[in-house]
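Beneath this line is the structure, given in structure tokens, with notes to follow.
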Amino acid sequence: MTDGVLIPEDQSAFDSHIVEGDTFTGFLQEVVDDDARNSVRASAINVLDGALRAGPGSTGLVVGRVQSGKTLSYEGVISLARDNGFSLIIVISGISNPLLAQGERRLKDDLGSADKDGWLFAVPNDKQQSLLQIEQQLQNVQANWSNASTPKAYKQTAVVVLLKHHGGILNLIELFERVDFGSQRVLIIDDEADQASLNTLAKKGRQSPTYGNLLALRNSLPGHYYLQYTATPQAPLLIAIEDALSPDFVRVLEPGVGYTGGERYFGTTNELVKTIDTQDLAAADHPNGPPPAALRRAMLEFLVGVAHVVTTGKPKTRSMLVHPSRQKGAHADFHRWITGMKKDWQDKYEHQSEVFPVKLQQEFLDAWGGLSATFPKLAPFDECWAALDIVFRNLNIVEVNTRQGQTPVINWVQTQSYILVGGQAIDRGFTVEGLTVTYMPRGPGTRTADTVQQRARFFGYKASFLGLCRVYLEPDVRDDFEMYVEHEKDMLASLHAIEAGNESLKEWKRQFLLDNKMKATRASVISIPMVHVKAKDRWIADSLPLRPDAIPIADARQRAQDVLADIKWTETPFGHKTGYATFADALELLIQTSPESLLAEPNFQALLLNLSKLQDDEPSDAVVNVLWMRPAQGLAERQQRANGVIELFQGRNSSGYVGDRYVYDDGAPLTIQLHQVVVLERGTRAPRGEFFISGWRIPENSRVGWFIEVGA
């Protein structure tokens, strides 16, 4: 048992040999595009093999990117699972009915294309299916798979699709008390696994309802394999290792050809991302005034992009997303603005033979010019202008929330275009077909990294029309996305190394590159002791030098001299020696002159990680500034404070010296100060020891922090 999840004693019946049968072959041929077939095949085999090797009751974490094809991945795994003797698939899909409907519809279409007669779909939330009917269907599935003489054609695999809600999960648990699948192979897919599944009451010593029922569901199916799918794995990685939902293994999905994600939008300077200025943000808060100028510009660009599609004669869905707030009142305001602009423009356009809308045409021309700079294939302006008649008539403006009752389900039609206005309902897990323009004036909120990233509905397979895409963001939100790019890159590199077998996921010491402005995830689910370390615009130095494993000052000094033997020193006016060293020398200096107890502290763990990152990011000829502080003056006296620590840095004086803290090269990626001190006891001033201490400073323009596991 692992934290309440039963593990069958006999695991010998489960091997890790993967069979590629007709269902999986059909899925690859009928559902997956030719250019993605090899990668989807390889990733599905890799994921299912990881689960089978980990054994029944195991938890696997499958990490993709936002809008990168996670659904296609687990559909491939489901198809492969059927070929490998899985009688039951449970897909826990989303926390809202629109998301459930979206997932259910796609599963039925794609799995049906893979194997027309191989599936039995059961949807407890579907009013057309009673729980009694589902129970009878699952009883037949269980019986067919239990009987070895049952022909394969009669062994359908049941697919149960349900909301991530404690009530629905409880109904399923009660059903499995009557329909015993025993040790039959069962696959549980937890889509968006970082949301709602985890125990939000762990710090209070209780179980949140959905989490508790998920554990009970797993207990009711001894032969199950549990796969967590997410693009933001921070939360599952930060729960207690002994938790049943803490993953046993990880698989990282690489996006296919044509995917455009964070690095494409925020890793380089481009014209796709626009910052909404303060005047526009202020206008967004005044619903009785005119619509914000940036909203108007964004809508013009969107309509020109739709007009281009019309000119090609090949209808394709195109969408615009407006995400102003979580508040439904704001959605109504923006919906009214957008509807008003559309009505005004359409009216002027349709009456252009009477009074030609010169100003409006110029606005569309300006938008066309901006798009043509990033999308050279854009149809000529005259053709786009002529196509606006069709665009206006086939434009749907939809408020996606529960303000009018139930959240609307979007039925995408290729000859239609859509402007969706909403908040939470069009956030995590919601797929916006053909999304080109995003307008998001909402602020960063709590600056929780995984929440910010899940708002990036504008990521996806857009390479063929990326030049038509525009993203308008509030300034702090744009900064957060830029920071997340580095955070995600570092996190995925660690997970790749674990997947390759370089380290066990259970033994991995959690270390995330994360700016101090951001949180990794919601605090309620974090059970591993972590500390956030600021690594920029500050000095990192040892203020507690009286360590049992302290390196004798003579040895430390000699080691420093050996490491820095190639430095060309020059004297400064205040008696310091200054020079420049390589990153490799800086890293060696830190390791050689620091006791192990110091390097184990979070500040210095962050420093070690930062040195490695700087070494990777900076040019190969980049150097760091090294200052040997007042070497001719011998040992500097430092007195212990009441708490036993010392102030390493000398302050300013009447001779014009600014103080040690302000002596650094702000143009260098790193400054190192080397100090030789004698520590005096508080009060008596008796010598307590002589020490060689280094201080390390990363400049303010290096936007870096680390979220580090402690006590491990």
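All heavy atoms count here, side chains included; hydrogens, waters and symmetry mates do not. A quick note: this is a predicted structure, and the numbers were derived from the prediction, not measured. Along the sequence shown, residues are numbered consecutively beginning with 1.
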Do the ring centers of F181 and W145 come within less than 6.0 Å of each other? no

Using a 4.5 Å cut-off on heavy atoms from C-beta on, say whether the side chain of D243 contacts that of S527. no

So, H496 and E254: side-chain donor and acceptor under 3.5 Å apart, yes or no? yes

For T23 and D115, test the side chains for any donor-to-acceptor distance below 3.5 angstrom and give the result as yes or no. yes

Are side-chain heavy atoms of L514 and E486 found at a separation under 4.5 Å? no

Testing the 3.5 Å rule here: is there a donor-acceptor pair between the side chains of N199 and Q207? no

Mark yes or no for whether Q133, through its side chain, and S130, through its backbone, hold a donor-acceptor pair below 3.5 Å. yes

Any donor-acceptor N or O pair under 3.5 Å, side chains S246, K506: yes

For the residue pair W119 and F121, does the interplanar ring angle fall in the parallel (under 30°), tilted (30 to 60°) or perpendicular (over 60°) class? tilted

Using only heavy-atom distances, determine whether the side chains of T446 and R522 contain a donor-acceptor pair under 3.5 Å. no

Distance only, no hydrogens: is a donor on one side chain within 3.5 Å (strictly under) of an acceptor on the other, for H487 and Q453? no

Angle between ring planes, F266 versus F481, binned at 30° and 60°: parallel, tilted or perpendicular? parallel

I'd like to know if the side chain of Q184 pairs up with that of S146 as donor and acceptor (distance under 3.5 Å, no hydrogens or angles considered). yes

Test Q605 against every option in I708, V710, V531 by the side-chain contact (heavy atoms from CB on, under 4.5 Å) rule and name the one that passes. I708

Could you check L120 against N140 for side-chain contact (heavy atoms from CB on, under 4.5 Å), going step by step and ending with a plain yes or no? CA-CA 10 Å; L120 188 153; N140 290 336; over 6 Å; no

Taking the side chain as every heavy atom from C-beta outward, state whether L162 and I90 have any pair of such atoms under 4.5 Å apart. yes

If we ignore hydrogens and angles and just use 3.5 Å, is the side chain of K164 paired with the main-chain N or O of Q195 as donor and acceptor? yes

Hey, do the aromatic rings of F459 and Y265 have their centres closer than 6.0 Å? yes

With a 3.5 Å cut-off and no angle check, do the side chains of N46 and E499 form a donor-acceptor pair? yes

Which atoms form the tightest heavy-atom contact between P247 and Q228, and what is the distance? CB-OE1, 3.9 Å

